[in-house]
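Below is one structure, written out as C-alpha cells; comments come after it.
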Number of protein chains: 2
Amino acid sequence: MKTVTMADVAKHAQVSKSTVSQYLNKRYDYMGEKTKLRIEQAIYELGYQPNIIARSLKQKSTKTIGVIVANILHNFSTEVSRAIEDACNRADFHTIICNADDDPAKEKKYIEMLRAKQVDGLIIFPTGNNRDLYQKMLDENYPVVFVDRSVEGIPVSSVMLENERASEMAIDYFVNKGQKRIAIITASMIEDVSPRLERMEGYKKALQSHKLAILDEYIKSVEPDQVEEALQEMMALDQPPEAILAGNDLVLKEVLQFAKLHHLNIAEDLSVIGIDDVPYASFYTPPITTVAQPTFKMGKMAGEVLLDKINKKKTTDERPDYRFEPTLMVRESVKEKGGYVL
Amino acid sequence: MKTVTMADVAKHAQVSKSTVSQYLNKRYDYMGEKTKLRIEQAIYELGYQPNIIARSLKQKSTKTIGVIVANILHNFSTEVSRAIEDACNRADFHTIICNADDDPAKEKKYIEMLRAKQVDGLIIFPTGNNRDLYQKMLDENYPVVFVDRSVEGIPVSSVMLENERASEMAIDYFVNKGQKRIAIITASMIEDVSPRLERMEGYKKALQSHKLAILDEYIKSVEPDQVEEALQEMMALDQPPEAILAGNDLVLKEVLQFAKLHHLNIAEDLSVIGIDDVPYASFYTPPITTVAQPTFKMGKMAGEVLLDKINKKKTTDERPDYRFEPTLMVRESVKEKGGYVL
DNA sequence: CTGAAAGCGCTTACAG
DNA sequence: CTGAAAGCGCTTACAG
C-alpha cells in the first residue's frame, strides 16, 4: 500500500507539484487546457487521493469542528448534533462528536484532544466545571459556542431553550386541566447547570402566578438512579402529587418506569408532562404530552454561529445567547379534572 | 492567537527541538534530569500543546479510525458505535463517526473523506452498494471491518448477529405460547442486505420446523413508511395474523404506532416481538418482548479486530465473520393462547 | 546525553 | 502559463 503523492502525479503528468496543487484547488485561471487534461488523466490513472493532513498543516485549518456533548444519552444531544452536522456539511466542514458523559475531567480531555487535532472551533454542551479552560479559550480568541447551557461569568454565546417558558407551558397546561397538586423532578443540581435551575424557576413562578403554593415536598432534584426513591417519597405523602413535570427525557423514563412498577396508570392515576419530546411519546399508552425543544433549529444555529466566528475571525459575541421557544405537544398523559377547572 | 510551537519550547528551554520531541514521546532513556525539568518548565510556562496534525503527517498514522454506520437512526448503530469508541479509547485511538443514511453515495463520500483524513482504518456498516470501493480497499491492504452486514464476494470479516437464530428464537417463543398465525415484517430487501435476508430465512425455517405453513401474505419487506400500509393489508385478510415479528427497531415502532391508531391492544389483540431491544421496551404498556443483540460485545469485537489489523499490518482475515448469539428478552407482548399449546 | 539535518505531503508567494 | 523554493510543526535516524 504505497501511497501515491502529489509528486507522483506531477511526474506522471510532467508538470511541477505547484501546478498539480493549483489544479486541485481549482485555480485554473491561467492553466493551459492540455495541462489540465494531463493532470486529470494522471490523477485518474494513479488513483491519487490528496492527503488532507498535509494540507491542513500548511493551511492551519482543518475544516473540521469538534462537538462535545455533556451526555449523549439525552435525545436532545443526538438530535442537536445531527443538525450541527448538517449545518457544517453545507459549509464543507466536518464534525467530530465526543461525549463527556457529564464528567468535567472527560470534557477537559476532549477539549485538549480536539484542539491538539487542530479543529477550527468547538461547540460545547458545557458541564460547567472547567471554567479555567473555557476562559483560556476565550483569552486565546479560539472560536467556541455553547449549547443547552450557559456558564456564569463566561461570556461565550450560548444556544439555549427558553427554559422558564418550558416549565411555564407545562404548568399552565396542568392547571387548565384542573390539576393542582403538581410536582417537579429535575436532574441533580449539584453542578448548577443553568437549564435545570431555569426550569425549576419557571415551575415556581408559574405556580405563583396561578396562586398555587410551592411545596418543598413536591420538588426533587436528583440523579436518574434516585428518581425512583424520590417518587416513592412523594407518593407516600398524605397529599401525594397528582401531576408530575419531568425535567428531561431521562427523568421521564424513570417516572414511566415507576408508574409501571406500581401499577399506576398514566393520566388516570398520575398525570405527566415531560420536557424533551421523546421518540416514543406519540405511540406510548397513553401518548405522552411533552414540551419539545426545537432541536433542529438549535443545532443549525449553533453550527452557523460557530462557522461565522471561524470565518470572520471575530470571536467576540455580539449576543450573549440565542434563546428558542419550546412547543407544547399536547397528547394524552394529563387527566382532565372536570370539577376543578379554574 | 499565535500558537506556540516546539521550536519555541526548545528555545525557551535552551535545548534542540529533537530533545523536546524525545521528551514528549517519553524517550527519557538518556535524558539528563535537569534537561527534563527545564523542558517541563518551558512547556508549562508557554502553555505548549503539541500539534497532532504535524505529528501525524510525519508518522503516517493518525491514531484515529473512522466508523461509517448505514443508518444512525437504528438504536443498534448508536450502541455499537459507543462500544467501538470505548474499545478504541482503551488503545488511545480516536473515533470519527459518520452516518451514511442508507445511501451508497454518501457512504462513498465518507469513505473517501475519511481516507483523505488519513484514518488508520475503517469500520463500516456497509450499504452493500459500493463493491468496487470495498474491493479497492482490500486490494490496497487497507484495514477494514464490516459490522452488521456482510457483502457477498467481498472477503472482509464482518461482526454480525446470528440472524437466523434471532428469528428462530422469536418464532419458537410465539409457537410455545400457542401462536400459529405469525407474520414477519422486515425492512426493504431491495439492497439484498444480509441480515434482512437471514432473518427472513430464519423465520421460514422455524415455521417449517414447527410444521406451520409459510404464507406469502404474512411476509412483507418494505420501507419504514410503508409498514403501515403493509399492516393494513395483512389485517384485512380473512385470516389476519395474530402475531408479528418486527424485523428491526424501526419496524417495531411502526407496528406499535399502527396498533395505537387502530386501537389494537398489544398482546391481547396482536402479539408482537421485535428484533433489537429498544430502550422503551421494558416500560411500554405492555412491556415488549424482544430479541436483543449483544451490541456492546459486537462493538468491542469490531474495534478489537480492526485495531489488530492496524497493528499487525496484516489485513488478511483468518475468519470470514464473527457471529454473536441473540438473547430473547421475555416480557409481555405475546398472548398465551391456552387452548392451542402444542 | 544532545543537536543538525532531512523529510512527511502539501501550499503559496514569487519569479520568469 | 508554469516551476523552484521555502515552510507548516513535527519525528527520526545518525553523528558526536
Side-chain angles (χ1 to χ4, degrees), chain A residues 1-43 46-64 112-113 115-120, chain B residues 1-43 46-64 112-113 115-120:
Chain A
M1 177 185 159
K2 45 134 214 334
T3 54
V4 12
T5 105
M6 186 178 267
D8 300 326
V9 175
K11 199 187 304 170
H12 197 90
Q14 312 199 63
V15 296
S16 75
K17 286 193 299 168
S18 322
T19 308
V20 177
S21 179
Q22 311 280 28
Y23 173 84
L24 289 172
N25 293 292
K26 309 204 191 302
R27 281 197 255 285
Y28 316 116
D29 317 5
Y30 296 105
M31 194 173 299
E33 194 59 29
K34 357 57 196 201
T35 319
K36 210 149 59 172
L37 253 37
R38 275 217 312 285
I39 295 176
E40 196 165 4
Q41 177 74 359
I43 288 176
L46 302 176
Y48 170 69
Q49 291 276 91
N51 180 330
I52 293 190
I53 292 285
R55 169 185 301 169
S56 298
L57 178 59
K58 182 66 188 176
Q59 290 190 157
K60 292 166 162 291
S61 155
T62 52
K63 290 272 224 170
T64 303
E112 288 172 348
M113 170 296 248
R115 292 205 56 186
K117 285 201 159 211
Q118 312 298 116
V119 297
D120 296 341
Chain B
M1 179 182 160
K2 46 134 215 333
T3 53
V4 11
T5 107
M6 188 178 266
D8 299 325
V9 176
K11 198 187 304 170
H12 197 90
Q14 313 200 58
V15 296
S16 76
K17 285 193 299 168
S18 322
T19 309
V20 177
S21 180
Q22 311 280 26
Y23 172 86
L24 288 173
N25 292 292
K26 306 203 192 307
R27 282 198 255 285
Y28 314 116
D29 317 6
Y30 296 102
M31 194 173 299
E33 194 58 31
K34 356 65 193 192
T35 318
K36 210 151 57 176
L37 254 35
R38 274 214 315 283
I39 295 175
E40 197 164 2
Q41 178 73 0
I43 287 176
L46 302 176
Y48 170 69
Q49 291 275 90
N51 179 330
I52 293 190
I53 292 284
R55 170 186 299 169
S56 298
L57 178 59
K58 182 68 190 176
Q59 290 188 158
K60 291 166 161 290
S61 155
T62 51
K63 289 272 222 168
T64 303
E112 287 172 348
M113 168 298 250
R115 293 205 55 185
K117 285 201 159 213
Q118 313 298 116
V119 298
D120 296 341

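Quick note on labels: first sequence line is chain A, next is B, and so on, each numbered from 1.
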Any residue of residues 6-16 of chain B with a heavy atom less than 4.0 Å from an atom of DNA chain D: B:Met6
D:dC10 C1' sits how many Å from A:Arg55 CZ, rounded? 20 Å
Run the numbers on B:His12 and B:Val4 for side-chain contact (heavy atoms from CB on, under 4.5 Å), then give the verdict. CA-CA 11 Å; B:His12 197 90; B:Val4 11; over 6 Å; no
For the CD atom on B:Gln14, are there more than 12 heavy atoms of other groups (residues, nucleotides or ligands in this structure) within a distance under 6.0 Å? no
Please report the C-alpha distance between B:Lys117 and B:Thr64 in whole Å, then the side-chain angles of each, then the deciding distance to 0.1 Å, and finally whether the side-chain contact (heavy atoms from CB on, under 4.5 Å) criterion is met. CA-CA 9 Å; B:Lys117 285 201 159 213; B:Thr64 303; over 6 Å; no
Tell me whether the side-chain N/O atoms of B:Lys60 come closer than 4.0 Å to OP1 or OP2 in D:dT11. no
At less than 4.0 Å, is any side-chain N or O atom of B:Tyr48 found next to OP1 or OP2 of D:dC10? Yes or no. yes
With respect to the side chain of A:Leu57, which nucleotide from C:dT11, D:dC8, C:dC10 is positioned closest? D:dC8
Taken to the nearest whole Å, OH/A:Tyr23 to P/C:dT12 is 18 Å
Rounded to the nearest Å, what distance is computed from the CD1 atom of residue B:Ile52 to the C1' atom of nucleotide C:dC8? 16 Å
Taking the minimum atom-to-atom distance to the side chain of A:Thr19, which one of D:dT2, C:dC10, C:dT11 wins? D:dT2
Basic-acidic side-chain contact under 4.0 Å: A:Glu112, A:Arg115: no
Nearest-nucleotide wise, let me know which of A:Gln49 and B:Lys58 is further upstream toward the 5' end of DNA chain C. B:Lys58
Selected nucleotide, minimal atom distance to A:Gln22 side chain, candidates C:dA4, D:dG3, C:dC10: D:dG3
Would you please confirm or rule out a distance under 4.0 Å between OP1 or OP2 of C:dC8 and any side-chain N or O of B:Gln118? no
Presence of A:Asn25 side-chain N/O under 4.0 Å of C:dT11 phosphate oxygens OP1/OP2: yes
Quick one: which of C:dC8, C:dC10, D:dC10 gets closest to the side chain of B:Asn51? D:dC10
Approximate separation, where rounding is to 0.5 Å, of B:Leu57 CG and A:Asn51 CG: 6.0 Å
Using whole Å, report how far CG of A:Leu24 lies from P of D:dT2. 15 Å
Looking only at non-hydrogen atoms, find the nearest pair between A:Gln118 and B:Ile53 and report the distance. CG-CG1, 3.3 Å
Round to a whole Å and report the spacing from CG of A:Leu37 to P of D:dC1. 15 Å
Which heavy-atom pair separates B:Asp120 from B:Thr62 by the least distance, and what is that distance? OD1-N, 3.1 Å
Using whole Å, report how far CD1 of A:Ile53 lies from P of D:dC10. 14 Å
Measure from NZ on B:Lys17 to P on C:dT2 and round the result to the nearest Å. 18 Å
Quick one: label A:Thr35 by what it contacts on the DNA or RNA (base, sugar-phosphate, nothing), any heavy atom closer than 4.0 Å. sugar-phosphate
Enumerate, in order of first residue number, the stems that involve DNA chain D, defined as 3 or more consecutive Watson-Crick or G-U wobble pairs with both distances under 3.5 Å. C:1-3 with D:14-16, C:5-12 with D:5-12, C:14-16 with D:1-3
Side chain to side chain, A:Tyr23 and A:Ile43, heavy atoms closer than 4.5 Å: yes
Taking the side chain as every heavy atom from C-beta outward, state whether B:Ile52 and B:Lys63 have any pair of such atoms under 4.5 Å apart. no
How close do A:Arg55 and A:Pro50 get, counting heavy atoms only, and between which atoms? NH2-CB, 4.4 Å
Send over the distance from B:Glu33 CD to C:dT2 C1', rounded to a whole Å. 16 Å
Kindly say if A:Ser21 contacts the phosphate of C:dT11, meaning a side-chain N or O under 4.0 Å from OP1 or OP2. yes
